Amino acid sequence: MDNQTIVNFIIKRTQNFLIDEANLNLKFTDIAFNQTNKLELKHITAIQGINSTIGLFVALSFDDKIIEKICETMTEGLDISEEEKSMYLDETAGEILNIIVGNATSDFQTKGHAIMISPPIIIKDAKSLIRHKNAYFYTANLQTDIGDINLYVIGPSDLFDQTLDYKEV
Amino acid sequence: MSLNIMIVDDSMLIAKKLSAMLTELGHNIVHICGTGKKALENYEKYLPDLITMDITMPEMDGIEATKNIKTSHPEALIVIITSHGQEQMVIDAINAGAKGYILKPFKKEKLEETINMIMTKYGKSSC
């Protein structure tokens with residue numbers, strides 16, 4: 001299965017999550033492959049690795065308003081103090097990505113081989129990622145009424161560490 | 001029937017949601033831990049009636065932890081709660097000794113139905 005097909009499955013799962021689970025009004029999805037040489041990570045970004053016959057990183061980068069809204073939905077009815085709010089924003093970002101990627105593994109599974117995914121990690125500082133010649137970037141910008149989410153699929157995974165910095169050779 | 005349940009999940013959000021749902025269903029949460037390794041270390045201390053086990057966790061994943069707990073405590077009842085939708089992962093979980101598999105995101109009703117199924121089929125009163 002080629003990367004583009006895998007990316008399409010992940011995009012579809014992301015769209016479904018935003019509509020069905022987060023109850024957001026998804027207006028538009030803009031998809032690109034290698035048309036950008038620079039990715040801009042927003043204030044909260046969740047990153048997860050996929051390890052199988054493919055090695056990719058998937059990242060979801062959230063506008064503040066969106067992650068706050070989804071966090072409200074996902075923590076509804078739970079007793080969360082003011083001091084815990086920031087932690088639960090991070091937890092929400094990680095769990096959204098975990099659900100999307102975990103569910104998507106059923107779309108690109110191969111018989112007899114379990115696809116492993118790494119625990120999600122959260123980057124809290126906005127940063128840029130420049131594309132080197134061997135790297136590939138797939139991007140999808142998902143626009144809702146209250147802000148944007150950027151979905152990035154980045155590979156090959158052996159070029160990067162888990163915070164998406166290039167490994168030193 | 002009220003059960004003593006141990007929750008194993010590295011996401012505090014999911015652990016808290018699960019804890020609230022299980023408490024609403026009338027069960028007691030005896031312990032929450034965030035890695036498979038901690039679950040293995042704590043099983044004997046708490047001897048829960050049931051464990052809810054995530055798969056993707058640091059240190060030791062949920063499949064490995066299930067295998068290890070079942071090796072030392074064959075009577076342990078474990079339900080996997082995970083985002084992994086792939087068939088092979090379900091097969092691996094069942095082969096490791098899990099008695100149920102719930103896909104995230106999930107609702108309280110699904111949790112209740114799966115726990116009831118496990119307790120009816122494998123619970124102490126069914127022996």
Side-chain angles (χ1 to χ4, degrees), chain A residues 9-10 13 16-18 20-23 46 48-52 58 67 70-81 84-122 162, chain B residues 7-25 29 32-38 53-67 80-96 98 101-108 110-111:
Chain A
F9 283 130
I10 295 171
R13 291 280 179 175
N16 290 347
F17 181 91
L18 294 178
D20 299 337
E21 298 298 324
N23 301 320
Q48 190 161 40
I50 303 177
N51 294 303
S52 178
V58 183
I67 193 64
I70 302 177
C71 184
E72 258 175 45
T73 306
M74 288 179 76
T75 57
E76 199 180 347
L78 300 181
D79 187 19
I80 290 169
S81 67
E84 290 177 315
K85 270 190 180 163
S86 166
M87 182 189 80
Y88 278 96
L89 282 179
D90 297 355
E91 289 277 335
T92 300
E95 198 50 36
I96 294 167
L97 183 62
N98 192 42
I99 288 171
I100 288 168
V101 174
N103 288 184
T105 56
S106 68
D107 301 325
F108 49 84
Q109 61 189 328
T110 45
K111 207 173 163 67
H113 292 280
I115 299 164
M116 299 310 292
I117 56 179
S118 63
I121 64 148
I122 305 297
Q162 59 177 359
Chain B
I7 296 170
V8 188
D9 201 306
D10 61 330
S11 162
M12 275 308 295
L13 171 64
I14 295 298
K16 194 155 185 156
K17 281 189 91 163
L18 256 176
S19 176
M21 284 181 185
L22 291 166
T23 305
E24 266 181 56
L25 292 172
I29 309 306
I32 296 175
C33 43
T35 72
K37 193 167 170 248
K38 289 250 160 63
M53 180 80 77
D54 185 20
I55 291 182
T56 303
M57 290 184 291
E59 289 187 355
M60 184 190 292
D61 70 41
I63 300 287
E64 202 57 36
T66 298
K67 238 183 257 174
I80 300 285
I81 301 183
T82 178
S83 66
H84 277 278
Q86 43 184 326
E87 263 169 48
Q88 189 57 45
M89 203 56 90
V90 181
I91 294 168
D92 289 353
I94 301 302
N95 286 343
Y101 198 98
I102 297 175
L103 189 64
K104 294 176 188 173
F106 58 93
K107 301 237 181 304
K108 192 171 72 181
K110 176 69 184 171
L111 186 63

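As the structure is a computational prediction, the values presented were derived from the model and not from experiment.
- Between the CG atom of B:Leu13 and the CD1 atom of A:Ile96 there is a distance of 9.0 Å, given to the nearest 0.5 Å.
- Here the shortest heavy-atom pairing between A:Ile115 and B:His84 reads O-CE1, 3.4 Å.
- Annotation: the span from A:Asn98 atom CG to B:Asp9 atom CG amounts to 8.5 Å, rounded to 0.5 Å.
- The shortest non-hydrogen separation linking B:Pro105 to A:Ile99 is CD-CG2, 3.6 Å.
- For the side-chain contact (heavy atoms from CB on, under 4.5 Å) test, residues two or more places apart in sequence or in another chain that qualify with B:Lys67 are B:Ile63, B:Glu64, B:Ala96.
- Within a 6.0 Å sphere centred on CG of A:Asp79, other residues, nucleotides and ligands contribute 12 heavy atoms or fewer.
- In this structure, the side-chain contact (heavy atoms from CB on, under 4.5 Å) partners of B:Gln88, at least two apart in sequence or on a different chain, are A:Ala114, B:Ile91, B:Asp92.
- Heavy-atom distances place the backbone of A:Ser118, and not its side chain, under 4.5 Å from chain B.
- Distance check, rounded to the nearest 0.5 Å: CD1 of A:Ile117 to CD1 of B:Ile55 gives 9.0 Å.
- For B:Met57, the part lying near chain A is the backbone, with the side chain staying farther off; criterion is any non-hydrogen pair under 4.5 Å.
- For A:Gln162, the CD atom sits in a loose shell: 12 or fewer heavy atoms of surrounding residues, nucleotides or ligands are nearer than 6.0 Å.
- One distance of note links CG of A:Leu97 with OG of B:Ser83; it measures 9.0 Å at 0.5 Å rounding.
- Counting non-hydrogen atoms of other residues, nucleotides and ligands closer than 6.0 Å to NZ of B:Lys16 gives a total above 12.
- Residues of residues 71-78 of chain A having a heavy atom under 4.5 Å from any heavy atom of chain B, listed by number: A:Met74, A:Thr75, A:Leu78.
- If you check the side chains of A:Glu91 and B:Ser11, you find a donor sitting under 3.5 Å from an acceptor.
- Residue B:Met89 comes nearest to A:Met116 through the heavy atom pair CE-SD, 3.7 Å, listed as atom of the first residue, atom of the second, then distance.
- Pairing each heavy atom of A:Tyr88 with each of B:Met12, the nearest pair is OH-O, 3.9 Å.
- At distances below 3.5 Å, not a single donor-acceptor pair connects side-chain atoms of B:Glu87 with backbone N or O atoms of A:Ser106.
- The closest donor-acceptor contact from the side chain of A:Asn103 to the backbone of B:Gly85 lies at 3.5 Å or more, if one exists at all.
- Sorted by first and then second residue, the pairs that involve residues 93-115 of chain A and meet salt bridge (Lys or Arg N to Asp or Glu O under 4.0 Å), not counting sequence neighbours, are A:Arg13-A:Asp107, A:Glu95-B:Lys104.
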